[in-house]
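Working notes, structure below.
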Amino acid sequence: MTYNTHTIKELEEKWQKFWDAQKIFKADQDASKPKYYCLEMFPYPSGKIHMGHVRNYTIADCMARFKMAQGFNVLHPMGYDAFGQPAENAAIKHNTDPAKWTYACMDQMRVELKRMGFSYDWNRELATCDKEYYRWNQWIFTKMMERGLAYKKTSSVNWCPQCETTLANEEVIQDQCWRCKTEVTQKDLNQWYLKITEYNEKLLEDLKTLEHWPSRVIAMQENWIGKSYGVDMYFNVKDAEETITVFTTRPDTIFGATYVVLAPEHPLVDGLIQGSADEDKIRAFIEKVGKESKSLRMSGDQKKEGTFTGRYAINPVNNEAVPIWIADYVLMDYGTGAIMAVPTHDQRDFLFATEHGLAKRIVIQDAKNSDLTEKDMTCAFEEEGALVNSGQFDGVNSRAAIKSIGEWMEQEGAGKMTVHWRLRDWLISRQRYWGTPIPVIYCEACGVVPVPEDQLPVELPQDIKITGEGGSPLAQCPEFVNVQCPKCQADARRETDTMATFFDSSWYYLRYCSAKNDKEVFDKKEAAYWMPVDQYIGGIEHAILHLLYSRFFTKFFKDLGLVDFDEPFVRLLTQGMVLKDGEVMSKSRGNTVDPDSIIARYGADSLRLCILFAAPPEDQLEWNDNAVDGSWKFLSRIWNLVHNRYVDGVDDNITKDQMDQADADLERERNVTIKKVTEDIEKYKFNTAISSMMILMNSVDKYKFAEGSAIKQGILNRVIKTLVILLSPFTPHMSEELWQKFGNKEKSIIASPWPICDEGALKQETVQIIAQVNGKLRAKFQVAASITEAEVKELVLADAKIQSFVDGKPLRRFIFIPGKLANIVI
RNA sequence: GGGCAAGUGGUGGAAUGGCAUACACGUUGGACUUAAAAUCCAAUGGCCGUAAGGCCGUGUGGGUUCGACUCCCACCUUGCCCACCA
């Protein structure tokens with residue numbers, strides 16, 4: 001049989017059926033083996049898989065099969081992140097139902113995933129849009145309500161007046177609705193939040209335990225949580241009872257505070273401006289800022305606008321009266337919504353003060369350039385220096401003053417050292433149809449009532465017409481909205497918002513442990529056995545939100561007593577994007593390559609090998625159609641090698657004394673390759689693992705083979721078998737087929753043990769020493785491995801070529817690295 | 001503005017203090033063939049040289065070292081993430 005497009009298709013289908021029928025990948029608890037939970041981020045079922053999926057899942061599959069071969073009890077599940085807006089858009093576009101569309105997509109995707117030969121335990125397949133799944137979303141939500149972690153709050157959100165729906169920040173494109181291009185406004189809505197901030201300290205602290213996460217993901221999470229130490233300072237309003245609390249991380253600049261700024265939404269604003277001569281003007285300004293979309297307001301390059309309130313506040317350290325302003329560059333949802341402004345040492349304050357003619361006072365002088373003046377300043381001086389104009393703190397280093405002024409103010413009752421966090425509570429309400437209904441009922445008498453556990457799930461009504469207009473589709477469905485209060489049986493209204501889909505994906509890895517369990521959210525014993533996930537693999541785009549939310553859920557489950565660990569994912573690998581012609585492969589760019597077309601021509605094995613060989617998994621991968629040819633060629637060579645050179649029934653247990661030099665060299669290379677492939681897979685270096693197998697293949701080709709020699713044939717058989725097993729995590733279909741040729745008729749190659757490197761066989765009789773003169777390569781010597789430094793020195797110095805470079809100059813130093821090099825310094 | 005990553009032949013990449021360019025793609029030449037495909041063999045960083053060989057060479061400039069793609073400092077470029085965060 002030759003290796004061609006036709007045979008490969010047949011062969012791959014045959015083995016996919018075999019794995020299915022034999023239930024090879026069905027995972028069950030097994031006390032006799034160590035467990036290994038290998039997980040990839042489940043896909044959104046858009047129908048076809050793309051190269052990004054292929055890359056992600058091939059990496060995971062290689063890992064999973066490698067661990068199986070090493071004797072681990074591997075759990076490797078797959079499912080679908082099936083709720084979400086694209087299904088609603090598709091429903092509108094194709095005039096169909098989101099459920100129908102989604103389930104059809106999942107059916108198509110399952111076929112494509114199977115065609116790749118991934119080692120999934122399909123018994124555990126789940127879809128978040130199944131009511132058997134989302135019912136537990138609702139259960140988790142009610143548990144969070146019980147503990148005060150799910151609560152309702154009114155806040156300002158992006159709102160499209162045309163579509164009558166809220167928009168996520170990503171859906172606002174240049175202040176317009178991405179769908180209908182209408183100008184986006186802000187609207188106050190009463191919505192559900194999860195109190196993730198309750199866990200901010202733990203979420204930050206436990207990052208330290210994640211030794212096997214990429215450091216940049218840790219850094220991104222740290223920044224996102226954003227713990228900052230500073231001082232809350234109390235500025236009394238002049239001629240009034242109120243106190244403005246400002247937050248600053250730079251208490252060392254307090255003597256330079258020349259005005260105070262409040263966010264337009266600050267609760268004290270209303271009282272302060274009442275009766276002011278400019279009250280109408282000020283209110284108009286506040287209203288204008290209130291309408292601005294968040295993205296515009298938050299973009300740093302916009303000109304800072306503001307207005308004076310007519311009132312003054314007292315700087316607590318020097319009793320100076322400073323004007324109180326309102327400005328759009330101060331945000332209500334960070335710190336206290338109020339700042340002290342120090343134009344000389346903060347660039348934003350500098351720009352604002354210059355624009356509006358506000359006072360500046362230098363309080364830090366640069367050590368090197370100590371003649372800064374307010375007049376000459378063209379930008380704020382934000383570096384370290386010595387304090388001036390700062391009372392008893394004059395001359396103190398500014399960095400030291402951050403602490404000492406903070407402490408002093410606390411003693412004086414003028415402030416308090418505090419910590420502020422960037423992390424906000426998580427808004428989960430969505431005015432959409434295709435998501436988990438929030439399980440809450442509003443009763444006039446009883447208030448907000450969670451749906452009791454025995455009445456879950458609150459099912460999504462079927463056959464809803466999605467138009468994308470007129471607000472939430474569920475709100476227009478009276479059978480859904482009108483219910484009886486579970487407590488008092490009076491007429492009541494059901495919540496019509498659904499949950500953000502990030503909720504669904506925050507705990508699916510736990511559900512896989514007992515995916516069919518209809519009694520509880522997950523089986524505690526199964527979770528205790530399989531969790532935490534040993535290897536998690538997915539895109540860097542989920543570095544913050546999904547991973548943070550999952551960590552939050554895990555900590556919540558621990559508090560509920562359902563799990564006994566703090567972190568869900570032990571090792572994390574974030575794979576790079578797949579590019580075509582230097583750009584990210586995407587539908588909108590029209591530069592996609594369909595994996596199916598590659599499989600049809602070359603088979604899944606070549607595609608798998610190619611995508612792992614082309615680049616290290618964390619790097620971007622530049623897709624090149626020609627590269628598949630290289631993988632194909634290599635697999636053909638392996639195929640032909642087994643068919644032409646392997647002879648069944650020959651004893652391959654050749655001992656060292658039976659080998660000549662060529663045999664020993666090949667045997668040594670076989671062991672080098674075992675070691676290299678084993679270590680490289682563990683370190684995610686699939687590309688070099690593959691190249692080392694190619695090197696071994698090349699050596700086999702060059703191996704001098706004597707026809708009829710049982711010893712040579714034994715050596716050859718052994719190296720061929722090793723190659724086939726080492727390849728099995730990468731190209732499982734072909735490896736299974738070839739494995740059969742070795743007389744393993746009924747058993748999968750997965751049951752065969754991973755080869756072990758014989759360290760003894762790695763030893764070499766002779767080694768190559770490179771000789772340098774002043775660090776430059778000048779000669780090479782083949783010497784006995786046991787050679788001494790003195791012997792090398794003598795040998796090297798005697799060499800004519802070396803002598804020509806030494807040129808009679810005196811030897812200053814001789815550096816010798818055993819087995820590697822000798823360097824002559826003259 | 002802040003944080004992080006990366007920069008090596010025609011291309012993807014290898015080497016993480018010790019032979020720069022492993023492995024592969026591509027290209028060129030050769031074998032086989034009526035021919036093509038496939039396959040196999042050989043060559044393949046630049047410059048100088050008939051050759052032996054020499055010199056240069058890992059974004060730029062400096063430094064450390066016997067020795068630097070690798071470590072340190074500064075800069076340039078690209079990518080990603082965050083960003084009026086006080």
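Labels below follow one simple rule: chain letters A, B, ... track the order of the sequence lines, proteins then strands, and each chain is numbered from 1.
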Practice task
Give one of base, sugar-phosphate or nothing for R812(A), where a contact means two heavy atoms less than 4.0 Å apart.
Solution key: nothing

Exercise for the section: Determine the contact category for K227(A): base if any of its heavy atoms lies under 4.0 Å from a base atom, sugar-phosphate if only primed atoms, P, OP1 or OP2 are that close, otherwise nothing. Expected result: nothing

Practice task
Looking at every strand, decide which applies to R424(A) at a 4.0 Å heavy-atom threshold: base, sugar-phosphate, or nothing.
Solution key: nothing

Fill in the blank from the handout: From CD of E622(A) across to C1' of rG7(B) the rounded distance in Å is 15 Å

Exercise for the section: Walk me through it: do F381(A) and M377(A) pass the test side-chain contact (heavy atoms from CB on, under 4.5 Å)? Expected result: CA-CA 8 Å; F381(A) 174 69; M377(A) 263 186 157; 3.9 Å; yes

Handout entry: Over 12 non-hydrogen atoms of neighbours within 6.0 angstrom of CD in E794(A)
Key = no

Exercise for the section: Give one of base, sugar-phosphate or nothing for D701(A), where a contact means two heavy atoms less than 4.0 Å apart. Expected result: nothing

Exercise for the section: Could you tell me the separation between the CD1 atom of I225(A) and the P atom of rG3(B), rounded to a whole number of Å? Expected result: 19 Å

Problem - Lys/Arg-Asp/Glu bridge criterion (N-O < 4.0 Å) met for K801(A), D799(A) - result: no

Practice task
Using a 4.0 Å heavy-atom cut-off across all strands, classify F805(A) as base, sugar-phosphate, or nothing.
Solution key: sugar-phosphate

Practice task
May I ask you to verify if any side-chain N or O of K685(A) is less than 4.0 angstrom from the OP1 or OP2 atom of rA15(B)?
Solution key: yes

Practice task
Using only side-chain N and O atoms of K801(A), determine if any of them is under 4.0 Å from OP1 or OP2 of rG54(B).
Solution key: yes

Exercise for the section: Hunt down any stem RNA chain B takes part in, defined as 3 or more consecutive Watson-Crick or G-U pairs whose two distances are each under 3.5 Å. Expected result: B:1-7 with B:76-82, B:10-12 with B:23-25, B:26-31 with B:39-44, B:45-48 with B:53-56, B:59-63 with B:71-75

Exercise for the section: Using a 4.0 Å heavy-atom cut-off across all strands, classify N687(A) as base, sugar-phosphate, or nothing. Expected result: sugar-phosphate

Exercise for the section: Could you check whether K633(A) gets within reach of a base, just the sugar-phosphate, or nothing at all, counting any heavy atom under 4.0 Å? Expected result: sugar-phosphate

Problem - Cation-pi geometry met for R778(A) and F805(A) (6.0 Å, 45°) - result: yes

Practice task
Give one of base, sugar-phosphate or nothing for E541(A), where a contact means two heavy atoms less than 4.0 Å apart.
Solution key: nothing

Problem - Rounded interatomic separation in angstrom, taking CZ from F634(A) and P from rC40(B) - result: 12 Å

Handout entry: F816(A) six-ring centre to K793(A) NZ/CZ under 6.0 Å and within 45° of normal
Key = no

Problem - Sugar-phosphate only, base, or nothing, as touched by G630(A) at under 4.0 Å among non-hydrogen atoms - result: sugar-phosphate

Practice task
Would you mind telling me which residue lines up with the more 5' stretch of RNA chain B, S636(A) or A219(A), judged by nearest nucleotide?
Solution key: A219(A)

Exercise for the section: Under 4.0 Å between any heavy atoms, over every strand shown, what does N626(A) touch: base, sugar-phosphate, or nothing? Just pick one. Expected result: sugar-phosphate

Practice task
Give every residue pair that meets the salt bridge (Lys or Arg N to Asp or Glu O under 4.0 Å) criterion with at least one member in residues 670-681 of chain A, sequence neighbours excluded.
Solution key: E667(A)-R670(A), K675(A)-E679(A), K675(A)-E759(A), K676(A)-D680(A)

